A.B. asks: 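Quick one: structure below, then a few questions.
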Amino acid sequence: PVAGQIGLGDHHEVGAGNHDTVMQRALEHPDDTGLGSRAGVEHRGGGVGLGQPLDHSVGGPGPGRDDRGVPTIRAADLDDAAFALGFVHAQDRLFQMDMMRRVGAGRLSEVVGAQTLPVDKLMRTLGLYATAERQAEDASPPLKRVLVAYSDGVNAFLAQDRTLPPECQLLRYRPVPGKPADSLFWG
């Protein structure tokens, strides 16, 4: 898989393998993130990153991606970084994200059929997704903001009138919008 990066200020570059650590550090020390000023960018207004909007095309180089298609996110604050990360994750891994959410929630059979009913029954009996929903509801305000911003990024990608991933086309379904609990279930 291609490793994404989050640009945090001028001196933090974060590879995909350790972004959770940086997010946790930013939540624990919000005044010490090195994120810099907002620079007039609002993530819910369509622009993501500093200087130019994130490339909303699927595949290929462009603003926000290098010549190998690796995304780079530069954000004014943690909420913008989380939104952009959700958008890029959906852009690159929408089918995987939706399948993981469906497994956790016991909703896989809605897409792939009756052969996965035993998995759905087990996951609903365990109640792991319901636990994640309660955790999202009870999260601290800074964590809740990040979880909401991330799911808003996923949903911003879904809201675009774009061609769905080939797996979704083959199964003839459209992924459901993301929720903050989706990030906690697998985390």
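Only this structure's heavy atoms are used, side chains among them; waters, hydrogens and symmetry mates stay out. Owing to the predicted nature of the structure, the values given are computational and were not obtained by experimental measurement.
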A.B. asks: Can you confirm whether Met97 sits close enough to Asp182 that some side-chain heavy atom of one is under 4.5 Å from a side-chain heavy atom of the other?
C.D. replies: no
A.B. asks: Is any side-chain N of the basic residue among Asp98 and Arg101 closer than 4.0 Å to the acidic one's carboxylate O?
C.D. replies: yes
A.B. asks: Are the side chain of Asp120 and the backbone N or O of Leu108 linked by a donor-acceptor pair below 3.5 Å?
C.D. replies: yes
A.B. asks: Nearest 0.5 Å, please: how far is CG in Asp138 from NZ in Lys144?
C.D. replies: 7.0 Å
A.B. asks: Between Arg65 and Gln91, does a side chain to side chain contact (heavy atoms under 4.5 Å, CB included) hold up when you go through it step by step?
C.D. replies: CA-CA 12 Å; Arg65 293 196 180 251; Gln91 193 175 42; 2.4 Å; yes
A.B. asks: Can you find a pair of side-chain heavy atoms, one from Leu85 and one from Ile73, that are under 4.5 Å apart?
C.D. replies: yes
A.B. asks: When you check the gap from the basic side-chain N to the acidic O, do Arg145 and Asp77 get nearer than 4.0 Å?
C.D. replies: no
A.B. asks: Roughly how far apart are Leu143 CG and Leu184 CG, rounded to 0.5 Å?
C.D. replies: 6.5 Å
A.B. asks: Does Gln115 have more than 12 heavy atoms from other residues, nucleotides or ligands lying within 6.0 Å of its CD?
C.D. replies: yes
A.B. asks: Looking at OG1 of Thr116 and CD of Glu110, how far apart are the two atoms once the value is rounded to the nearest 0.5 Å?
C.D. replies: 9.5 Å
A.B. asks: Relative to the ring of Tyr150, is the ring of His89 parallel (under 30°), tilted (30 to 60°) or perpendicular (over 60°)?
C.D. replies: perpendicular
A.B. asks: Might you confirm whether atom NZ of Lys121 has over 12 heavy atoms from other residues, nucleotides or ligands at distances under 6.0 Å?
C.D. replies: no
A.B. asks: Among Arg102, Met123, Lys179, which one satisfies side-chain contact (heavy atoms from CB on, under 4.5 Å) with Tyr129?
C.D. replies: Lys179
